[in-house]
Enquirer: 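Quick one: the structure is below, and I'll ask about it shortly.
Remember, predicted model here, so these are calculated numbers, not experimental data. Computed from heavy atoms alone, side chains included, the values below leave out hydrogens, waters and symmetry copies. Numbered from 1 within each chain, the chains take letters A, B, ... in sequence-line order.
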2 protein chains.
Amino acid sequence: MKKVTINSVATYAGVSKKTVSRVLNNEPNVSPATREKVLKVFKELDYTPNPIARGLARNRSFIIGCLYDNPSKSYITRVQSGALEACHKHNYNLLIHPCELRGEALIENIEHLLTTSRLDGMVLTPPFSDSQELIAFLKRKKIHFARVASAIEDKDSISVRSNDEQGAFEITEHLIKLGHTSIAFIKGHPDHSATEQRFSGYQRALTVHNIEFDSELVAEGNFSYHSGADSAKEILDLQPTPSAVFASNDYMAAAVLKLATQRQLQVPKDISIAGFDNAPIARHIWPGLTTIAQPVEEMTRQAVEQLILQISDEQTSVYQATLEAKLITRESTAKHLVDD
Amino acid sequence: MKKVTINSVATYAGVSKKTVSRVLNNEPNVSPATREKVLKVFKELDYTPNPIARGLARNRSFIIGCLYDNPSKSYITRVQSGALEACHKHNYNLLIHPCELRGEALIENIEHLLTTSRLDGMVLTPPFSDSQELIAFLKRKKIHFARVASAIEDKDSISVRSNDEQGAFEITEHLIKLGHTSIAFIKGHPDHSATEQRFSGYQRALTVHNIEFDSELVAEGNFSYHSGADSAKEILDLQPTPSAVFASNDYMAAAVLKLATQRQLQVPKDISIAGFDNAPIARHIWPGLTTIAQPVEEMTRQAVEQLILQISDEQTSVYQATLEAKLITRESTAKHLVDD
DNA sequence: CCACATTCTGACACCGGTGTCATAATGTGG
DNA sequence: CCACATTATGACACCGGTGTCAGAATGTGG
């Protein structure tokens, strides 16, 4: 059985390639009779147009690439979900490409990706959205891209972020208002700009409420559950034990909760725990985690949507937006009861 | 600035297109001098070959599509991770395509996907790996595909699964050996063949150990945390309360654990809980969940690898494998203490 | 130095569509 | 019924690479 191409359809229907192409793309100026005839042949021959040939002619692949390097799986899932929503709305598809930020191999890796698959645009998620090197490379190669949750400024490229510093400030303030003064903090991955921002929101809240910053209370994490478990151990071993812990994401907060529970500490009676992101795990555990809802899906959705508009030349101005992060209180934080 | 194509490179280097193409693909029979010259021009002009044109000529896209419709996000993450490993090893890329199994729109949806992006092959994850309709469609369209975790037999297509029935049998037997006789069960999504298999393993263990099956103890879930929460309520409201619960996946088990803890039940002292999959959440909560480790990544990795071999014509026989599921005991299950 | 094998190289068709433009068919008003 | 506008259709080049094959350049043995 021979492959069915536009030529076979044309011959079979007794029309030219171009007319078949017109029917294919719902172009005007085709008589109803001809259109019917061609459509019938489509069915008869079970014809599927070749997207590659079409892509070559139009210089489009209708594929967006999503770049990530993130220890938090749920973050990636949410990113994908937002990106897919925008892609499918505009008949685009999503290609995923995890890779490592570190090492000079990055540019080489992306270059190889572009040699392998033509991408109409790329979504950069943290930490790539902050990589000046990558941004410069993509500009040089004239690849459209959009940045998600980036801290750096770049007037020329699409960027959608949320206000992490403010979110961290609010959740810290929430703990302070509950009477906590000894609040431990677990940092995120040093390559991610969110890490610095959340830390700085934490510090600002302390300052505003006249609580002295104590570097002893700060542990280094990297957004993974595992790193949270290590930090949790550090923090819970402190004497005196802090009365509250604010972890830079929910995975690490969950790790603190697990260790605390293992050690017979009651949360939140003995110790309050707060996270960040509002990842699914925050409501899958007991007690549920007080956290900051970061609109990951929405950020990505907007970023990809704007990216597609830019690719289609329907948007000339560069979209830049900051979405709000919102405090969600659950059972893991409560009033600090002073020990008798 | 004009676009850099193979023609510009050829002209600039003073050779033919074909010679440039040879250098590009590391083909033999190019004199070292010529090769050097062309490579230098690549750099000078910052040339990136156009993957679409290449794809058209070779009739290849080097893209694999991954189809899924699964309420468990972590399952998808694991699938992707295994698929990506195989793809990158062979210089392929992965395009993800979530869509709904139900409704006649499925075939239309896939047809549209194939019209939009040329895919060299597709990985079908549950519940698609069990869809006869989809399998027939892909065969008709002569699209290569591999099935992951499917229960149905199809001699013509690649399939990698794990032994769910046996896994469910073992974990149920584990509970029985701990002295439990009243073991509740939460079913998975009815569209997934794993649901039936796990249920049947549970029943077989009861039979083998002379425990009467009680349909009162069976709740209907759908693999989502939310459905697990509903089932948990049903089960914990039973009088007398069962002494153990086996949920068809870890998310639902986590939901049971959460509700039990909320109700002041001690796990595993008052009630034992077991899950399935060994999802990350199984070890992120306290007590950790006893579960069956299903090699999701490995299944998908093997499936995609074989798929790529088949696409490349390096493999003519159809690979079919069943991997072992393994019992992992954690803190959520313990000896049943008879109430005094 | 010649006959022959081997290594390089390029001309050209082709992959399967789309864009441009000329021309054929049809419609409309006077 | 004609002049003209409008709609419908097809011829052909083109997108940017790869495959085939012929011919040129070079190497080898006698």
Enquirer: Taking 4.0 angstrom as the limit, do A/R161 and A/E153 come out as a salt bridge?
Expert: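 A salt bridge links A/R161 with A/E153.
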Enquirer: Could you check how far CD1 of B/I52 sits from P of D/dG17, rounded to whole Å?
Expert: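 Value for this atom pair: 11 Å.
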Enquirer: On the nucleotide C/dT9, are OP1 or OP2 found under 4.0 Å from the side-chain N or O atoms that B/T34 carries?
Expert: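 Looking at the OP1 and OP2 atoms of C/dT9, one of them is under 4.0 Å from a side-chain N or O of B/T34.
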Enquirer: Both distances under 3.5 Å, Watson-Crick or G-U wobble: report the partner of D/dG30, or none.
Expert: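 Across all strands, the one nucleotide that pairs with D/dG30 is C/dC1.
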Enquirer: So, are A/K89 and A/E85 salt-bridged, with charged N and O less than 4.0 Å apart?
Expert: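 Salt bridge flag = no for A/E85 with A/K89.
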Enquirer: Under 4.0 Å between a side-chain N/O of B/Y47 and OP1 or OP2 of D/dG16, yes or no?
Expert: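 No, no such contact exists.
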Enquirer: Taking any heavy-atom pair under 4.0 Å as a contact, classify B/P51: base, sugar-phosphate, or nothing.
Expert: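 No contact.
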Enquirer: Should B/K18 be listed as having a side-chain N or O under 4.0 Å from OP1 or OP2 of D/dT20?
Expert: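 Result: no.
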Enquirer: Is A/N29 near enough to D/dA8 that one of its side-chain N or O atoms lies under 4.0 angstrom from OP1 or OP2?
Expert: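 So the side-chain polar atoms of A/N29 do come within 4.0 Å of the phosphate oxygens OP1 or OP2 of D/dA8, strictly under.
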Enquirer: In this structure, how many angstroms lie between the P atom of D/dG16 and the CG atom of A/N59, rounded?
Expert: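 Rounded to whole Å, this separation is 7 Å.
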Enquirer: Taking for each residue the nucleotide of DNA chain D with the nearest heavy atom, is it B/A57 or B/R22 whose nucleotide lies nearer the 5' end?
Expert: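 Checking each residue's closest nucleotide, the 5'-ward one belongs to B/A57.
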Enquirer: Just to confirm, is there a sub-4.0 Å distance from OP1 or OP2 of D/dC15 to any side-chain nitrogen or oxygen of B/N50?
Expert: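 Checking B/N50 against D/dC15: no side-chain N or O falls below 4.0 Å of OP1 or OP2.
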Enquirer: Separation of B/N25 atom CG from D/dG17 atom P, in whole Å?
Expert: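 In whole Å, D/dG17 P lies 11 Å from B/N25 CG.
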Enquirer: Please tell me if B/S21 has a side-chain N or O lying less than 4.0 Å from either OP1 or OP2 of D/dT18.
Expert: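 The answer is yes; a side-chain N or O of B/S21 sits under 4.0 Å from OP1 or OP2.
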Enquirer: Between B/V123 and B/V148, which heavy-atom pair has the shortest distance, and what is it?
Expert: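 Minimum heavy-atom separation between B/V123 and B/V148: CG1-CG2, 3.9 Å.
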Enquirer: Using OP1 and OP2 only, check whether a side-chain N or O of B/S16 sits under 4.0 Å from C/dG10.
Expert: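 Checking B/S16 against C/dG10: at least one side-chain N or O falls below 4.0 Å of OP1 or OP2.
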Enquirer: Which comes earlier along DNA chain C counting from the 5' end, the contact point of A/V20 or that of B/K17, where each point is its nearest nucleotide?
Expert: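 By nearest-heavy-atom nucleotide position, the 5'-most residue is B/K17.
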Enquirer: Return no unless some side-chain N or O of A/S31 is found under 4.0 Å from OP1 or OP2 of D/dT9.
Expert: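 Yes, within the criterion.
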Enquirer: Remember a base hit wins even if backbone is also touched, and classify A/P49 as base, sugar-phosphate or nothing at under 4.0 Å, heavy atoms.
Expert: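 Contact class for A/P49: sugar-phosphate only.
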Enquirer: Between atom NZ in A/K37 and atom C1' in D/dA8, what is the gap in whole Å?
Expert: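 One finds 12 Å between C1' of D/dA8 and NZ of A/K37, rounded.
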Enquirer: Show the nearest heavy-atom pair for residues A/P51 and B/L114, with the distance to one decimal.
Expert: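 Looks like CG-O, 3.1 Å.
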Enquirer: Quick one: A/F42 CZ to C/dG16 C1', roughly how many Å, whole number?
Expert: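 Atom-to-atom, A/F42 to C/dG16, this comes out as 13 Å.
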Enquirer: Let me spell it out: for each of B/P28 and B/R58, pick the nucleotide of DNA chain C with the closest heavy atom. Which residue's pick is nearer the 5' end?
Expert: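 Mapping each residue to its closest nucleotide by heavy atoms, the 5'-most match is B/P28.
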Enquirer: Just how far, in rounded Å, is C1' of D/dG16 from CZ of A/R54?
Expert: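 After rounding, the reported distance stands at 18 Å.
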Enquirer: Side-chain N or O of A/K3 less than 4.0 angstrom from OP1 or OP2 on C/dG16?
Expert: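 Affirmative; the distance criterion is met.
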Enquirer: For B/I52 and A/G55, work out which heavy atoms get closest and say how close.
Expert: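 Minimum heavy-atom contact is CG2-C, 3.8 Å.
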Enquirer: A/N7 has an atom CG; how far is it from atom P of D/dA11, in whole Å?
Expert: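 Computing the A/N7:CG to D/dA11:P distance gives 12 Å.
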Enquirer: Classify the nucleic acid contact of A/V15 as base, sugar-phosphate or nothing, counting any heavy atom under 4.0 Å across all strands shown.
Expert: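 Sugar-phosphate: the residue A/V15, judged by heavy atoms under 4.0 Å, touches backbone atoms but no base.
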Enquirer: Look at the side chain of A/V30 and decide which nucleotide, out of D/dG17, D/dG16, D/dT9, has an atom nearest to it.
Expert: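 From the listed options, D/dT9 comes nearest.
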Enquirer: Between B/H97 and A/H88, what is the ring plane arrangement, given parallel below 30°, perpendicular above 60°, and tilted in between?
Expert: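 Rings of B/H97 and A/H88: tilted, as their planes differ by 30° to 60°.
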Enquirer: On the nucleotide C/dT9, are OP1 or OP2 found under 4.0 Å from the side-chain N or O atoms that B/T19 carries?
Expert: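 Checking B/T19 against C/dT9: no side-chain N or O falls below 4.0 Å of OP1 or OP2.
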Enquirer: Please answer whether the main-chain N or O of A/P127 pairs with a side-chain N or O of A/D191 as donor and acceptor at a distance below 3.5 Å.
Expert: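 No: the side chain of A/D191 does not pair with the backbone of A/P127.
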Enquirer: Is there a Watson-Crick or G-U wobble partner for D/dT6 with both distances under 3.5 Å, and if so, which one is it?
Expert: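 Here D/dT6 is engaged in a pair, and the nucleotide opposite it is C/dA25.
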Enquirer: What integer distance in Å separates A/R60:CZ from C/dT18:P?
Expert: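 In whole Å, C/dT18 P and A/R60 CZ are 14 Å from each other.
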Enquirer: Which residue lies toward the 5' end of DNA chain D, A/L56 or A/G14, if each is placed at its nearest nucleotide?
Expert: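 Closer to the 5' end of DNA chain D: A/G14.
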